[in-house]
Amino acid sequence: AQSVAQPEDQVNVAEGNPLTVKCTYSVSGNPYLFWYVQYPNRGLQFLLKYITGDNLVKGSYGFEAEFNKSQTSFHLKKPSALVSDSALYFCAVRDLNAGNNRKLIWGLGTSLAVNP
Amino acid sequence: SQTIHQWPATLVQPVGSPLSLECTVEGTSNPNLYWYRQAAGRGLQLLFYSVGIGQISSEVPQNLSASRPQDRQFILSSKKLLLSDSGFYLCAWSVLVDRGSSPLHFGNGTRLTVT
């Protein structure tokens, strides 16, 4: 079955430290992978995606993510966290072998708190 | 550039009352349109999606319905709200013609409280 796991409900980091938000997935075919961020009482904003090519993908606001096929992971990273990065982060995957490729499979989200 | 508008931002409705939430997209044509519900600030549940005018697919049988009367207009409705309909409703769009590589673009959501 297709699934996305974000194993940490909450991640706490100090401002200026590197941050990682974890995501693992399970699909039968090749995945399209996405990261979104949600600030309080707002809609989700697209951060970055992996479609094909380089395993390291760079996105908005200094975020990047590394696709690891053998570990079926797509962890979100940032070298130096800002207090303004505090938000809810969602990982999502599309299975290209699935009949309905319009449907994204979503993780449950990870709340990131960056402490000053 | 493309923009998506959702209204109202907040809504408090009594049980048994009707509901109409509206979403419009500007700056693009023939988008895929989606309605999601987010409960308790976390998981996203796809409610409906549409690939064209009058074409609605329902993901979860429930008390809600959706309509797409115009290319860039998507409406979420209910005839009689239930307490369990409370939540944060998000409209989104994506490019229609792609193999699924296009990201979703979300509106700012409507927080619905059914009392």
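In the text below, chain A, chain B and the rest are named by the order of the sequence lines, each starting its count at 1.
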Say whether Y61(A) and S84(A), considering side chains only, have a donor N or O and an acceptor N or O under 3.5 Å apart. no

For L44(A), which atoms come within 4.5 Å of any heavy atom of chain B: side chain, backbone, both, or neither? both

Is it the backbone or the side chain of Y39(A) that comes under 4.5 Å from a heavy atom of chain B, or both, or neither? neither

Pairing donors with acceptors under 3.5 angstrom, does anything connect the side chains of T110(A) and Q6(A)? yes

Pairs of heavy atoms under 4.5 Å with chain B: top-ranked of T52(A), N41(A), L33(A): N41(A)

Is the NZ or CZ atom of K78(A) positioned over F63(A)'s six-membered ring, under 6.0 angstrom from the centre and within 45° of the axis? yes

Check whether any side-chain N or O of T110(B) sits under 3.5 Å from a backbone N or O of P8(B) as a donor-acceptor pair, and report yes or no. yes

S111(A), part contacting chain B, at a heavy-atom distance under 4.5 Å: both

